[in-house]
Amino acid sequence: MGAFLNLSTSAAVILLVIRGGLCVDIIGGTEVAPHSRPFMALINGAKGKPICGGALIKENWVLTAAHCNVEGGKVTLGVHSQKTREKEKQVFQIAKQVRYPCYCSNSKENDIMLLQLEKRAKLNKAVQIIPLPTSDDDPKPGTTCTVSGWGQTHTHHKKPSDTLREVNITVISRQVCNDNHHYKNKPVITDNMICAGAKNGGKDSCLGDSGGPLRCNNVMRGITAFGKSKCGTVDGPGIYTRLTKKYLQWIRKTIGGA
């Protein structure tokens, strides 16, 4: 699912061509109504290519994945179509990037990052803040969640979607996600992560979706982190960084007065 790190090996094609992850783009989803997800942020790299997604959590702060390589990049809010000139778009330089301490590209632990924008966004119908959860509830297996992004829509090519797309996926237990039919504990899917996909495959985030929000019952519960190199497979559901108590405390402390 979602944004992954661009691993140096073909086995790890991380969704967001970023710092070390796996595959992430919307597989099996549909295009959303224009500007109906006003909290979504599009992150472009130094060369202008889309690399990750994110969520606006304060007028000048975007929450995304730590593996996204945002050096020299920009954040655009109010986007539906990447190619179309939309009056709703607001483009920002990145003033500061703050990765959670001890992010590990090998274990995929702590894959969460905050981006401070150089200016505050102008909130309107197309640009809105997504509330942080008031608790760190752990979505139970079987819970239906939603992930959005501009990532790949097909497993056979790496072309990102022009428009914002979304798909419903189902939470899978960590025990199942770690078994020999799935990740085989490589890496270990921990309590800091959420595993979600479809029983028969075909629904997933993919290359380019990394950093986007995972919403369960309309509450943001996670961030698209990594998956397997081929998106939407039965044995490789997407993995999301769960917004645990420690992460929420860190977020609030970091963005508090800024």
Side-chain angles (χ1 to χ4, degrees), residues 1-25 27 51-54 63-70 99-114 136 138-141 143 145 147 149 151-152 155 169-199 201 203-214 216 221-248 250:
M1 298 205 67
F4 306 104
L5 313 178
N6 286 324
L7 298 184
S8 59
T9 65
S10 58
V13 179
I14 294 170
L15 328 165
L16 300 178
V17 183
I18 341 179
R19 19 178 178 128
L22 300 172
C23 154
V24 181
D25 170 77
I27 303 295
I51 56 168
C52 287
L63 184 62
T64 187
H67 72 257
C68 297
N69 184 10
V70 303
R99 286 186 174 86
Y100 188 84
C102 301
Y103 160 66
C104 180
S105 61
N106 292 323
S107 69
K108 315 302 180 190
E109 279 281 19
N110 305 319
D111 194 0
I112 180 172
M113 177 168 64
L114 286 163
D136 67 344
D138 190 3
K140 296 180 180 179
T143 300
C145 301
V147 62
Q152 291 178 205
T155 59
I169 50 180
T170 303
V171 175
I172 299 169
S173 75
R174 295 182 184 90
Q175 180 179 359
V176 169
C177 214
N178 278 316
D179 70 22
N180 289 332
H181 299 291
H182 294 82
Y183 283 91
K184 303 178 181 179
N185 288 313
K186 298 178 181 180
V188 175
I189 309 307
T190 71
D191 288 346
N192 294 325
M193 305 174 187
I194 297 171
C195 177
K199 181 179 180 180
K203 294 184 177 182
D204 198 0
S205 53
C206 196
L207 183 63
D209 291 325
S210 293
L214 176 75
C216 307
R221 291 295 179 193
I223 301 166
T224 303
F226 67 92
K228 292 192 175 181
S229 58
K230 187 175 182 180
C231 311
T233 60
V234 174
D235 65 344
I239 306 300
Y240 303 81
T241 300
R242 183 167 76 89
L243 291 181
T244 60
K245 182 178 180 180
K246 69 175 183 179
Y247 293 144
L248 291 170
W250 170 76

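- The line from CZ of Arg242 to CG of Leu248 is 9.0 Å long, rounded to the nearest 0.5 Å.
- In terms of heavy-atom proximity, Gly236 sits nearest to Lys228 at CA-CD, 3.7 Å.
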Derivation and outcome, side chain to side chain contact (heavy atoms under 4.5 Å, CB included), residues Asn178 and Cys195: CA-CA 9 Å; Asn178 278 316; Cys195 177; over 6 Å; no

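- Under a 3.5 Å cut-off, the side chain of Lys108 and the backbone N or O of Ser105 do form a donor-acceptor pair.
- Atom OG1 of residue Thr143 and atom CD1 of residue Ile169 lie 11.5 Å apart, to the nearest 0.5 angstrom.
- Here the side chains of Thr241 and Tyr100 are not in contact, with every heavy-atom distance at 4.5 Å or above.
- More than 12 heavy-atom neighbours from other residues, nucleotides or ligands sit within 6.0 angstrom of NZ on Lys246.
- Counting heavy atoms from C-beta outward, Val171 and Cys145 have side chains that approach closer than 4.5 Å.
- Of all non-hydrogen atoms in Ala196 and Pro237, the two that sit nearest each other are O-CB, 3.6 Å.
- Taking CD1 of Ile194 as the start and CD1 of Ile189 as the end, the distance is 11.5 Å to the nearest 0.5 Å.
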Met113 and Thr64: CA distance, side-chain angles, deciding distance, side chain to side chain contact (heavy atoms under 4.5 Å, CB included) verdict: CA-CA 5 Å; Met113 177 168 64; Thr64 187; 3.8 Å; yes

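- The side-chain hydrogen bond (donor to acceptor under 3.5 Å, both in side chains) check on Asp136 picks up nothing, with sequence neighbours excluded.
- When every heavy atom of Ser107 is checked against every heavy atom of Pro187, the shortest pair comes out as O-CB, 3.6 Å.
- A distance of 10.5 Å separates NZ in Lys199 from OG1 in Thr170, rounded to the nearest 0.5 Å.
- The shortest side-chain heavy-atom distance between Leu243 and Leu63 falls under the 4.5 Å cut-off.
- For Thr190, the side chain to side chain contact (heavy atoms under 4.5 Å, CB included) partners two or more places apart in sequence, or in a different chain, are Glu109, Val188, Asn192, Met193.
- Checked against side-chain hydrogen bond (donor to acceptor under 3.5 Å, both in side chains), Asp179 has the following partners two or more places apart in sequence or in another chain: His182.
- Pairing each heavy atom of Pro101 with each of Trp250, the nearest pair is CD-NE1, 3.9 Å.
- Judged by distance alone, the side chains of Tyr247 and Asn110 do bring a donor and an acceptor atom under 3.5 Å apart.
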